[in-house]
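Note on naming: letters A, B, ... go to the chains in the order of the sequence lines (proteins, then strands), and numbering restarts at 1 for each one.
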Number of protein chains: 4
Amino acid sequence: MTPNSERRSDRAREAILAAALELTADPGFQATSVEAIAKRAGVGKQTIYRWWPSKGAVVLEALGERAGQTLEFPDTGDIVTDLRTQMDGVAELLGNPQFAGFAGLVGAAQSDPSLSRTLIDGIIGPRVAACRKRLESAQQAGQLRDDVDLDEVIELLYGPIYYRLLFRTRPITPDIATHILDLAFAGLRPPTDPR
Amino acid sequence: MTPNSERRSDRAREAILAAALELTADPGFQATSVEAIAKRAGVGKQTIYRWWPSKGAVVLEALGERAGQTLEFPDTGDIVTDLRTQMDGVAELLGNPQFAGFAGLVGAAQSDPSLSRTLIDGIIGPRVAACRKRLESAQQAGQLRDDVDLDEVIELLYGPIYYRLLFRTRPITPDIATHILDLAFAGLRPPTDPR
Amino acid sequence: MTPNSERRSDRAREAILAAALELTADPGFQATSVEAIAKRAGVGKQTIYRWWPSKGAVVLEALGERAGQTLEFPDTGDIVTDLRTQMDGVAELLGNPQFAGFAGLVGAAQSDPSLSRTLIDGIIGPRVAACRKRLESAQQAGQLRDDVDLDEVIELLYGPIYYRLLFRTRPITPDIATHILDLAFAGLRPPTDPR
Amino acid sequence: MTPNSERRSDRAREAILAAALELTADPGFQATSVEAIAKRAGVGKQTIYRWWPSKGAVVLEALGERAGQTLEFPDTGDIVTDLRTQMDGVAELLGNPQFAGFAGLVGAAQSDPSLSRTLIDGIIGPRVAACRKRLESAQQAGQLRDDVDLDEVIELLYGPIYYRLLFRTRPITPDIATHILDLAFAGLRPPTDPR
DNA sequence: CTGTAAGCGAGACGGTACGTCGAGTCTTCAG
DNA sequence: CTGAAGACTCGACGTACCGTCTCGCTTACAG
């Protein structure tokens with residue numbers, strides 16, 4: 001994939017990533033061609049193919065660089081507060097027009113196993129792992145039912161955010177994390193129905 | 001869709017939808033070309049373009065026809081039972097390899113506003129509306145907190161299913177509905193922490 | 001070819017021939033489609049295919065109807081005069097913009113043997129035969145060298161007209177027949193060089 | 001033709017011209033598609049469209065390359081001999097099955113003004129000019145009537161050859177030039193009729 | 001005077017080729 | 001020896017027509 005070397009031009013790399021982000025935001029992910037990225041970056045097509053296997057990989061790297069801060073989970077001792085902090089970050093990112101390419105990227109990953117791998121391993125996986133670790137400590141601290149599968153908890157919390165992202169039934173609003181956490185932690189059952 | 005007539009050939013229509021489903025399942029949505037659908041269906045390309053605006057619209061219609069049963073919500077009086085019934089149907093559908101194209105379709109909709117509209121209006125919307133109606137009656141029956149936004153409840157319940165579908169972190173298993181409903185209705189907070 | 005009947009609609013036939021002539025004159029022969037002829041004639045495509053085997057055959061018939069008068073050779077006793085009369089008619093016809101489709105028709109016949117047959121048998125052949133007959137009588141009357149092949153004479157006289165038609169190096173002018181006949185009958189050799 | 005460069009692949013160019021000649025000879029000009037030329041040449045369609053505006057232009061160039069020798073007129077001092085030399089070459093070329101595409105090309109030029117221009121400027125024109133020059137010198141040498149329009153002489157000599165080519169009333173035989181020159185120079189009038 | 005069978009207008013159908021776009025590879029030249 | 005430029009092969013795009021095939025709908029003659 002990468003023709004080993006440190007002779008790689010940083011200028012080219014950054015121009016490519018920047019062009020990818022811009023085009024992915026405006027004409028959209030599918031409507032963006034490698035050719036267009038190369039032209040806007042003032043770069044030969046070969047320079048892109050030399051370092052990345054596909055358009056998706058370029059965009060993924062570009063987005064990954066801008067998503068750094070959502071990787072870490074704080075630990076204030078209160079799991080709901082900590083989740084809210086991180087989820088607010090995620091919501092802000094996904095609501096940002098600059099990040100609009102992400103949905104298309106997820107779509108493209110459906111038909112491109114290697115892109116799917118890169119997406120899961122590079123972006124989703126580390127966040128899931130970090131979240132899981134924080135949830136485990138919360139469970140030990142008695143802030144979480146201990147009969148629940150933590151991976152299912154993660155799906156319950158983040159699923160709704162991605163649902164809005166992909167189906168665009170309504171925008172991702174800043175208060176989304178608060179609302180999800182309220183529903184998820186308190187449950188949907190009315191207080192007067194302890195069943 | 002565009003020309004008007006009852007002169008339309010049913011044979012062609014059905015062959016196209018069947019071919020679309022098959023190809024969408026095996027080589028995958030993005031890897032399927034209109035040309036390939038036409039060839040497998042034994043049909044001229046023009047016949048596809050005459051009735052559908054894009055590959056996505058064809059696949060959408062094909063999938064939509066096979067998803068009929070998930071549109072209705074039963075009403076046994078118990079909201080959790082009824083949700084489980086419908087969500088089991090959804091899970092079975094999305095877990096079915098024949099339906100593998102759906103994820104790609106959602107992806108494609110990210111960059112195609114008109115496809116996105118068709119997806120929301122034709123598939124997602126009606127199911128959301130039916131679900132909402134059932135939730136409203138449950139709320140009135142006192143089986144649901146009445147301080148919750150029902151659209152958020154829907155996102156909470158279905159988000160996790162689509163999360164698995166799109167990120168493929170793990171397969172959609174038959175028990176997914178049961179687990180989601182347990183978490184969502186009982187809440188994540190431990191019983192000993194009434195807060 | 002023809003589905004025997006006198007039930008044939010004259011209105012349709014004439015509308016088709018007229019449309020063929022018009023389109024063949026303006027967008028040109030190659031640029032005219034059967035579909036366009038049908039539309040302009042206000043006729044179904046099938047009605048064309050019912051009575052003619054190809055676009056070329058339609059145009060041929062349309063042109064043939066307008067070329068009737070060039071079929072006959074007068075016989076005033078002077079071969080040059082008679083040739084001039086007929087050739088003037090041919091030149092007038094081929095120079096007429098309404099007849100512009102003829103060149104394209106000749107072109108199309110190059111790749112369509114059955115059209116070629118129809119062209120030769122229906123248009124060219126009869127005129128060649130009539131011309132040959134007149135030349136024979138001229139030869140017997142001693143107005144023509146009797147060591148010449150009459151078919152070659154015909155080619156010598158008409159070739160130059162078609163040459164201008166097809167290569168468009170310059171237009172077919174009204175005096176073309178006079179000039180050709182002068183050159184051909186008097187010969188190119190200077191009078192002072194009886195060789 | 002349109003893009004600029006010496007980066008052009010000679011291999012591709014020659015393969016295309018060769019394929020064009022072959023296909024033009026066998027299935028014929030009209031029956032040959034750009035697609036078929038590309039496939040036989042082992043070349044992408046785009047490579048054809050990059051350098052030529054149409055199928056006709058490709059075939060024209062291919063034929064032009066093989067017709068080089070008919071461009072020059074010898075000058076032995078005797079105009080009839082010199083004309084015969086060149087016209088024999090033309091007849092041989094046009095009678096050659098490898099050149100069968102030429103008739104179709106002339107036909108196609110009838111409906112394509114730019115192809116017509118290329119045909120006249122690239123093939124016909126230069127030969128006409130060369131012939132005219134030789135005729136002029138013959139006229140000065142007293143071997144040709146000096147009251148004749150040389151362009152009409154050219155049409156008189158070459159028209160018959162093209163007449164046979166296009167109307168296929170009979171094949172172009174090797175002796176055609178001799179016969180035409182005999183008729184044209186001696187004239188059609190019987191020697192006993194000096195009129 | 002009313003079936004019924006033909007020609008008619010219309011236009012959908014299975015196809016082929018069009019001319020264009022972009023993918024990913026290969027080649028040339030400059031720094 | 002990387003990087004820009006861009007020509008190359010290839011495959012799909014969406015469109016235009018091809019020639020064939022139903023569809024009703026006149027018409028016109030046969031019972």
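For F29(A), there are no ring-ring contact (aromatic ring centres under 6.0 Å, His included) partners, not counting sequence neighbours. Considering only residues two or more places apart in sequence or on other chains, R117(C) meets the side-chain hydrogen bond (donor to acceptor under 3.5 Å, both in side chains) condition with D121(C). With sequence neighbours excluded, no residue forms a side-chain hydrogen bond (donor to acceptor under 3.5 Å, both in side chains) with E14(B).
When rounded to the nearest whole Å, the span between NZ of K39(C) and P of dC18(F) equals 12 Å. Here dT16(E) presents its C1' atom at 15 Å from CD of Q30(D), a figure rounded to the nearest Å. Put simply, CD1 on I37(C) is 14 Å from P on dG9(E), counting in whole angstrom units. For the pair D10(D) CG and dA7(F) P, the computed distance is 15 Å after rounding to whole Å. When the C1' atom of dG7(E) is taken as reference, atom CH2 of W52(C) falls 13 Å away, rounded to whole Å. In this structure, I48(C) atom CD1 and dG11(E) atom P are separated by 15 Å, rounded to whole Å.
Note that CD1 of I37(C) is 8.5 Å distant from CD1 of I16(C), once rounded to the nearest 0.5 Å. Remark: I123(B) CD1 to L105(B) CG distance equals 8.0 Å, nearest 0.5 Å. Here the CG-CZ distance, from L119(C) to F102(C), works out to 5.5 Å after rounding to the nearest 0.5 Å.
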* Structure fact -> Nucleotide by nucleotide, nucleotides 19-31 of chain F touches protein heavy atoms under 4.0 Å in the pattern (B base, S sugar-phosphate only, - none) BBBB---------

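Nearest-nucleotide positions on DNA chain F for A36(C) and S9(D) put S9(D) closer to the 5' end. Comparing T32(B) and V43(D) against DNA chain F, the residue whose closest nucleotide sits nearer the 5' end is V43(D).
Considering only side-chain N and O atoms, T47(D) lies under 4.0 angstrom from the phosphate OP1 or OP2 of dT9(F). OP1 or OP2 of dG3(F) sits under 4.0 Å from a side-chain N or O of W51(A).
Within residues 11-24 of chain B, no residue has any heavy atom closer than 4.0 Å to DNA chain F.
Although no hydrogens or angles enter the test, the distance criterion places no donor-acceptor pair under 3.5 Å between the side chain of S116(A) and the main chain of D112(A). Under a 3.5 Å cut-off, the side chain of T24(A) and the backbone N or O of G101(A) do not form any donor-acceptor pair.
In this structure, the nucleotide among dA23(E), dC8(E), dG3(F) sitting nearest to the side chain of R50(A) is dG3(F).
Pairs passing the side chain to side chain donor-acceptor pair (under 3.5 Å) check and including a residue from residues 55-65 of chain A, sequence neighbours excluded, read R13(A)-E61(A), R13(A)-E65(A), W52(A)-E61(A).
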